[in-house]
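First the structure, in the form of structure tokens, and then the observations on it.
All residue numbers refer to positions in the sequence shown, counting from 1.
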Amino acid sequence: MGISALTPPPRPEDLHETLLEFPDNRLLIDLCGEFDRNLAQIEHQLGVHILRRGNHLAVVGAAEARGQVAALLQTLYGRLETGRGIDAGEIDAAIRMGGSEVSAPASIEDQLEMFASGRVEIRTRKKQVEPRTEAQKAYVRNLFQHELAFGIGPAGTGKTYLAVAVGVTMLIGGHVDRIVLSRPAVEAGERLGFLPGDMKEKVDPYMQPLYDALNDFLPAKQVEKLIAERRIEIAPLAFMRGRTLANAFVVLDEAQNATTMQMKMFLTRLGEGSRMVVTGDRTQIDLPRGAASGLVDAERILDGVKGVSFNYFTAKDVVRHPLVARIIEAYDRDDEASG
């Protein structure tokens, strides 16, 4: 829901115009978007009117909103000047982050330095990834700073996506030797033995979101090569038993569906030079009735342990379709009402 729907309309005497000049008409066309859809998105979300006059944009609205939109437009134009594109997601991210600009780090040290100035970007082989909310930004910081990081919150908040992006960054930067991605393979009471095919064919559907994330950050052929070399492993949680994972970036996704014993088993796989990330959503537990969630227990047991960080997300951090955030909020209200 845009700001215009949450705040009363400005008084006529408060409405003024801010005129912005953009010297490169080609970049201005990209800034406005096809059929001015980028401008329409900004108008809807920030409650202003934007008029195009030659190579100028006039922002009409209340003073505070005009200042915010002016900074936003200059930030987006700056992205275009550096050869980076903008889309609806980038615009939404810039609005959430207050129009702050980001630049590209070359190492983990540079990456962490960026946080001091409020700027961060994760670079992978195929794309650059930027945290789109303050919660995501804090989460990415902890992924670089802590050996064990938890990301807890609803679907669509980027918990696993950002973790995989950081893992790929560390792998291609030589900071870890491999990436290990895992999920509990049995959900909602289903048993793999009843599914057709060999073990890989049984397990792959559960692992597909992890493959999708990897393919977003690395060329498909490189993903295949790294998997063949076992520098990237994607395996069910049950396959982690008995292993020690050294010099690896390890992600456990859908951790709410791990039992307490499975969670303990997974966390004790941590070896020298490794980092672990555990992501999950406490509202989506598919374990049999009466079985405790290892994610919930880990929150309680590891609270305050040195080297462990917890980051929490809400519907406000959802970066999928805006309707997803409203659906999550509606379910949260229903849960609160029912106690």
Side-chain angles (χ1 to χ4, degrees), residues 1-105 113-123 127-138 140 158 316-323 325-326:
M1 185 177 292
I3 290 177
S4 57
L6 298 176
T7 57
R11 297 172 299 176
E13 59 268 26
D14 291 334
L15 289 173
H16 296 284
E17 177 181 291
T18 297
L19 195 63
L20 304 170
E21 182 178 3
F22 299 94
D24 191 324
N25 279 322
R26 290 173 300 175
L27 295 183
L28 179 57
I29 291 171
D30 292 336
L31 177 63
C32 295
E34 188 177 12
F35 304 116
D36 288 345
R37 64 184 178 190
N38 294 344
L39 300 184
Q41 179 182 348
I42 295 169
E43 288 177 329
H44 175 72
Q45 291 190 240
L46 296 179
V48 297
H49 293 291
I50 305 175
L51 309 174
R52 186 172 172 183
R53 300 170 183 164
N55 66 332
H56 292 78
L57 292 178
V59 182
V60 180
E64 183 177 351
R66 291 201 323 272
Q68 187 177 0
V69 172
L72 173 66
L73 290 170
Q74 296 287 6
T75 294
L76 295 174
Y77 186 80
R79 284 182 61 87
L80 293 170
E81 286 183 313
T82 61
R84 293 177 290 172
I86 59 174
D87 57 21
E90 300 296 346
I91 294 169
D92 182 64
I95 291 172
R96 294 183 192 220
M97 302 296 283
S100 59
E101 177 59 299
V102 295
S103 62
E113 231 175 78
M114 306 290 284
F115 287 103
S117 61
R119 304 160 60 190
V120 65
E121 182 176 82
I122 307 166
R123 269 202 161 173
K127 67 190 299 185
Q128 298 169 358
V129 183
E130 301 170 27
R132 294 185 172 183
T133 70
E134 290 298 332
Q136 287 189 349
K137 186 174 166 185
V140 172
K316 293 183 176 62
D317 301 302
V318 171
V319 291
R320 293 179 183 168
H321 193 286
L323 180 57
R326 297 198 290 272

Could you tabulate the donor-acceptor pairs under 3.5 Å formed by side-chain atoms of residues 48-64, not counting sequence neighbours?
| from | atom 1 | to | atom 2 | distance (Å) |
| --- | --- | --- | --- | --- |
| Arg53 | NH1 | Glu17 | OE1 | 3.4 |
| Arg53 | NH1 | Glu17 | OE2 | 2.9 |
| Arg53 | NH2 | Glu17 | OE1 | 3.1 |

>> As a test of understanding, state which of Gln45, His44, Arg37 forms a side-chain hydrogen bond (donor to acceptor under 3.5 Å, both in side chains) with Gln41.
In response: Gln45
> Between Gln136 and Asp317, what is the shortest heavy-atom contact and its length?
Replying inline: NE2-O, 4.0 Å
> If you measure from CZ on Arg79 to CD on Gln74, what distance do you get to the nearest 0.5 Å?
Replying inline: 15.0 Å
> From Leu80 CG over to Ile29 CD1, what is the distance, rounded to the nearest 0.5 angstrom?
Replying inline: 11.5 Å
> Do Ile42 and Leu76 have side-chain heavy atoms sitting under 4.5 Å apart?
Replying inline: yes
> Does a side-chain heavy-atom distance below 4.5 Å link Leu73 with Phe22?
Replying inline: yes
> Could you walk me through whether Glu81 and Leu27 pass the side chain to side chain contact (heavy atoms under 4.5 Å, CB included) check?
Replying inline: CA-CA 7 Å; Glu81 286 183 313; Leu27 295 183; 3.6 Å; yes
>> Quick check: closest heavy atoms across Pro131 and Val140, and the distance to 0.1 Å?
In response: CG-CG2, 4.0 Å
> Is there any ring pair (Phe, Tyr, Trp, His ring centres under 6.0 Å) pair reaching into residues 24-43, and which pairs are they, with sequence neighbours excluded?
Replying inline: none
> Does a side-chain heavy-atom distance below 4.5 Å link Asn38 with Leu31?
Replying inline: no
>> By the side chain to side chain donor-acceptor pair (under 3.5 Å) test, which pairs, at least two apart or in different chains, include something from residues 23-34?
In response: none
